[in-house]
Amino acid sequence: MARYIFITGGVVSSLGKGLASAALGALLQARGYSVRLRKLDPYLNVDPGTMSPFEHGEVFVTDDGAETDLDLGHYERFTGVAARKTDSVSSGRIYSTVLEKERRGDYLGKTIQVVPHVTNQIKEFLEIGDDEVDFMLCEIGGTVGDIEGLPFFEAIRQFGHQRPRNNCIYMHLTLLPYLAASGELKTKPTQHSVKELQSIGIAPDVLVCRSEHPIPEKEREKLALFCNVRPEAVIAAYDLGSIYDAPLAYHKEGLDQAVLDAFGITPAPKPKLATWKDVSDRVHHPDGTVRVAIVGKYTQLEDAYKSIAEALVHGGMHNRVKVKIEWVDAELFDTQDPAPYLEGFNAILVPGGFGERGTEGKIKAAEFARTRKVPYLGICLGMQMAVIEAARNLAGLKDAGSEEFDHEAGKKRFTPVVYHLKEWVEGNRTIQRDADDDKGGTMRLGAYNATLSEGSKVAEIYGGTAISERHRHRYEVDIQYREDLEKYGLEFSGMSPDGRLPEIVEFKDHPWYIGVQFHPELKSKPFEPHPLFRDFIKAAVDQSRLV
């Protein structure tokens with residue numbers, strides 16, 4: 001039976017909560033325990049994949065095809081534990097399940113209420129995989145006091161009451177604001193946040209306080225007294241130079257020890273932190289710098305490309321260089337020459353996305369990288385734009401484009417070298433989709449196998465010809481154009497096992513030019529950088545020496 005750690009938040013950003021959860025998971029692993037992290041999202045979205053990146057940031061995809069909150073990306077990056085569909089649930093999914101059960105007659109005609117039916121459904125979700133790990137860390141999204149979160153707080157209150165003693169603890173994150181005028185940290189917001197939590201029957205065992213300034217001992221004692229926690233369980237969370245300093249910083253403050261003490265686990269195994277010390281050393285002691293341009297359309301909100309940014313950092317760590325990421329709005333190139341914006345970069349990355357906006361700019365970025373011999377990585381839509389660029393400028397198909405853009409415009413304007421995928425094989429079954437289907441859950445989602453060509457650049461990078469990567473897309477490159485494009489050097493070097501779906505393209509006569517239909521960034525970790533990002537940054541380092 002797993003022990004449960006419920007992580008709630010007061011006046012604190014979701015990143016702070018997600019990062020603390022992930023760092024705690026990493027510290028428990030360093031002590032030899034197995035962990036799994038879960039996100040309970042009080043908001044109504046059943047499919048985060050239907051939300052705009054401007055609303056919710058990146059959509060993180062799991063191996064088993066779930067579209068989830070970006071916090072699950074932090075969990076995977078810090079623990080290396082592959083997330084599952086069951087590691088993320090929204091109130092929308094909970095209510096939907098309750099209504100389905102009611103329609104089936106599972107409740108035998110009873111009046112359906114938040115308590116007990118909704119809260120029972122949340123508790124059922126919490127217990128999935130209970131016997132697989134030592135610790136289950138469950139982060140509750142939002143802030144204490146949000147009306148959406150009340151059923152979740154009630155559920156975890158009941159859960160802790162119904163489990164054996166010392167089986168559940170509660171960790172609460174808050175912010176200690178600093179008033180420059182008086183030069184003091186204010187504890188009142190934290191006190192009120194804890195009071196709000198206590199009013200719904202939950203008393204925190206560990207208090208994590210975000211602060212820009214050192215917390216004086218007097219303030220720690222005040223927080224312990226008024227929030228009813230032990231003084232050693234008041235943990236400071238200071239701003240860090242890198243998120244990858246978090247495990248060492250939290251260990252130094254005693255977070256993992258406070259959690260183990262709350263469970264009564266004594267003596268506890270000593271942590272083995274060599275991996276995180278190496279990670280921190282690589283972050284803070286690079287041997288040089290490379291500049292990478294990310295040409296996308298969500299550049300105003302960096303969280304939209306969170307996993308890509310982190311994967312680039314991981315590649316830099318492996319190569320002992322600092323990766324300076326600069327965000328370039330693809331729409332600039334719709335009307336302007338990309339050269340003044342892209343000259344001086346050591347590598348160019350074009351990420352995924354949906355819709356036609358900004359795509360002509362991405363095509364120009366792909367052309368710039370190809371003709372100027374600048375390392376290029378195209379991900380999902382970035383691969384499709386590279387194929388369209390080659391079709392237009394090398395194969396002579398001047399009106400090459402994507403069926404996606406014609407569907408969006410409601411009229412035919414392009415010869416579709418990229419088409420809407422209506423059928424594909426998933427395991428031992430065939431999936432069928434229509435362009436007019438509901439947007440939620442209609443994509444090729446999750447991990448799929450691919451076969452790489454012997455002697456190709458990607459086979460060399462991966463060190464083999466069989467790979468599995470995560471997908472999230474509705475449109476595919478049309479295989480019928482393969483022969484024409486390969487005549488001009490664009491090799492289809494990765495294919496689905498049945499040979500029908502292109503997974504990777506690369507230019508043979510280019511230092512480093514690769515497009516992938518999948519999302520390699522989702523599997524990269526600081527202690528295990530993804531092979532493509534590791535090699536992409538190596539190519540950027542080589543390019544920097546030529547400039």
Side-chain angles (χ1 to χ4, degrees), residues 63 311 314-315 318-319 347-350 352 366 369-370 373-391 394-395 417-419 421 424-428 444 446-473 475-525 528-543:
D63 278 337
H314 304 162
H318 178 84
N319 289 280
I348 296 169
L349 188 151
V350 174
R370 177 178 62 81
K373 304 295 184 184
V374 177
Y376 176 88
L377 176 57
I379 295 175
C380 198
L381 185 66
M383 167 182 159
Q384 296 173 5
M385 297 303 97
V387 171
I388 291 172
E389 189 277 322
L394 295 177
V417 298
V418 176
Y419 71 103
L421 182 64
W424 69 90
V425 175
E426 181 180 307
N428 58 0
R444 189 151 78 104
Y448 287 84
N449 296 330
T451 303
L452 311 183
S453 303
E454 292 277 1
S456 63
K457 179 76 171 175
V458 287
E460 176 191 337
I461 291 170
Y462 276 98
T465 57
I467 64 171
S468 175
E469 295 284 1
R470 297 177 190 176
H471 294 66
R472 182 177 182 255
H473 59 97
Y475 294 82
E476 295 273 359
V477 172
D478 196 332
I479 192 64
Q480 70 172 311
Y481 295 97
R482 176 178 183 173
E483 187 176 336
D484 288 341
L485 290 168
E486 287 193 335
K487 288 178 185 175
Y488 295 94
L490 186 64
E491 180 186 359
F492 284 53
S493 55
M495 299 292 297
S496 59
D498 61 7
R500 294 173 58 192
L501 304 176
E503 295 279 13
I504 305 176
V505 296
E506 61 181 73
F507 269 109
K508 296 178 180 179
D509 60 348
H510 192 285
W512 209 101
Y513 192 107
I514 294 173
V516 297
Q517 185 59 73
F518 47 83
H519 289 270
E521 71 275 14
L522 299 178
K523 296 178 77 170
S524 187
K525 305 166 189 69
E528 189 184 344
H530 190 282
L532 282 172
F533 282 90
R534 185 182 66 211
D535 208 68
F536 179 56
I537 297 302
K538 181 179 180 295
V541 172
D542 295 339
Q543 180 77 8

Check whether any side-chain heavy atom of Phe533 lies under 4.5 Å from a side-chain heavy atom of Leu349, and answer yes or no.
yes

Could you walk me through whether Phe518 and Ile467 pass the side chain to side chain contact (heavy atoms under 4.5 Å, CB included) check?
CA-CA 11 Å; Phe518 47 83; Ile467 64 171; 4.1 Å; yes

Taking the side chain as C-beta and beyond, is there a heavy-atom pair between Tyr448 and Ser496 under 4.5 Å?
no

So do Leu381 and Val350 actually touch side chain to side chain, heavy atoms under 4.5 Å?
no

Taking all heavy atoms of Pro529 and all of Ser524, pick out the closest pair and write down the distance.
CA-OG, 3.6 Å

Between Ala459 and Thr465, the two heavy atoms sitting closest are CB-CG2, 4.4 Å

Would you please classify the geometry between the His473 ring and the His471 ring as parallel, tilted or perpendicular, with 30° and 60° separating the classes?
tilted

How many angstroms lie between atom CZ of Phe492 and atom CD1 of Ile479, to the nearest 0.5 angstrom?
5.5 Å

Side chains of Val458 and Ile514, heavy atoms from C-beta outward: is any pair under 4.5 Å?
yes

Separation between CD of Glu454 and CD of Glu460, rounded to the nearest 0.5 Å
12.5 Å

State the CG-CD distance between Leu501 and Glu476, to the nearest 0.5 angstrom.
4.5 Å

With the side chain counted from C-beta on, respond yes when Lys457 and Asp535 share a heavy-atom pair under 4.5 Å apart, and no when they do not.
yes

Examine distances only and state if a side-chain atom of Lys523 and a backbone atom of Ser468 form a donor-acceptor pair shorter than 3.5 Å.
yes

Is the backbone of Arg534 close enough, under 3.5 Å, to the side chain of Asn319 for a donor and an acceptor to pair up by distance?
yes

Please report the C-alpha distance between Tyr419 and Gln480 in whole Å, then the side-chain angles of each, then the deciding distance to 0.1 Å, and finally whether the side chain to side chain contact (heavy atoms under 4.5 Å, CB included) criterion is met.
CA-CA 11 Å; Tyr419 71 103; Gln480 70 172 311; over 6 Å; no

Heavy-atom closest pair (Pro375 atom, Ala540 atom, distance to 0.1 Å) is CG-N, 4.3 Å

Using every non-hydrogen atom in the two residues, find where Ile348 and Ala369 come nearest and quote the distance to one decimal.
CD1-CB, 4.1 Å

Can you pull out every side chain to side chain donor-acceptor pair (under 3.5 Å) where at least one residue sits in residues 374-386? Sequence neighbours excluded, please.
Gln384-Gln517

Roughly how far apart are Thr451 OG1 and Ile504 CD1, rounded to 0.5 Å?
10.0 Å

Heavy atoms only: give me the nearest Trp512-Leu532 pair and the separation to one decimal.
CZ2-O, 3.7 Å

Just to verify, which of Leu485, Val477, Val516 counts as forming a side-chain contact (heavy atoms from CB on, under 4.5 Å) with Pro502?
Val477

Tell me if the NZ atom of Lys373 is crowded by more than 12 foreign heavy atoms within 6.0 Å.
yes

Where do Ser493 and Glu506 come nearest, in terms of heavy atoms and distance?
OG-OE1, 2.9 Å

Side chain to side chain contact (heavy atoms under 4.5 Å, CB included) between His530 and His314: does it pass, once the steps are laid out?
CA-CA 8 Å; His530 190 282; His314 304 162; over 6 Å; no

Determine whether the aromatic ring centres of residues Tyr513 and His510 are separated by less than 6.0 angstrom.
yes

Before accepting this row, confirm whether a basic side-chain N of the pair Arg472/Glu521 lies closer than 4.0 Å to the acidic partner's carboxylate O.
no

State, yes or no, whether a side-chain contact exists between Val374 and Gln543 at a heavy-atom distance under 4.5 Å.
yes

Of all residues at least two apart in sequence or in a different chain, which pass the salt bridge (charged side-chain N to carboxylate O under 4.0 Å, His left out) check with Asp478?
none

Could you walk me through whether Met495 and Glu503 pass side chain to side chain contact (heavy atoms under 4.5 Å, CB included), step by step?
CA-CA 5 Å; Met495 299 292 297; Glu503 295 279 13; 5.6 Å; no

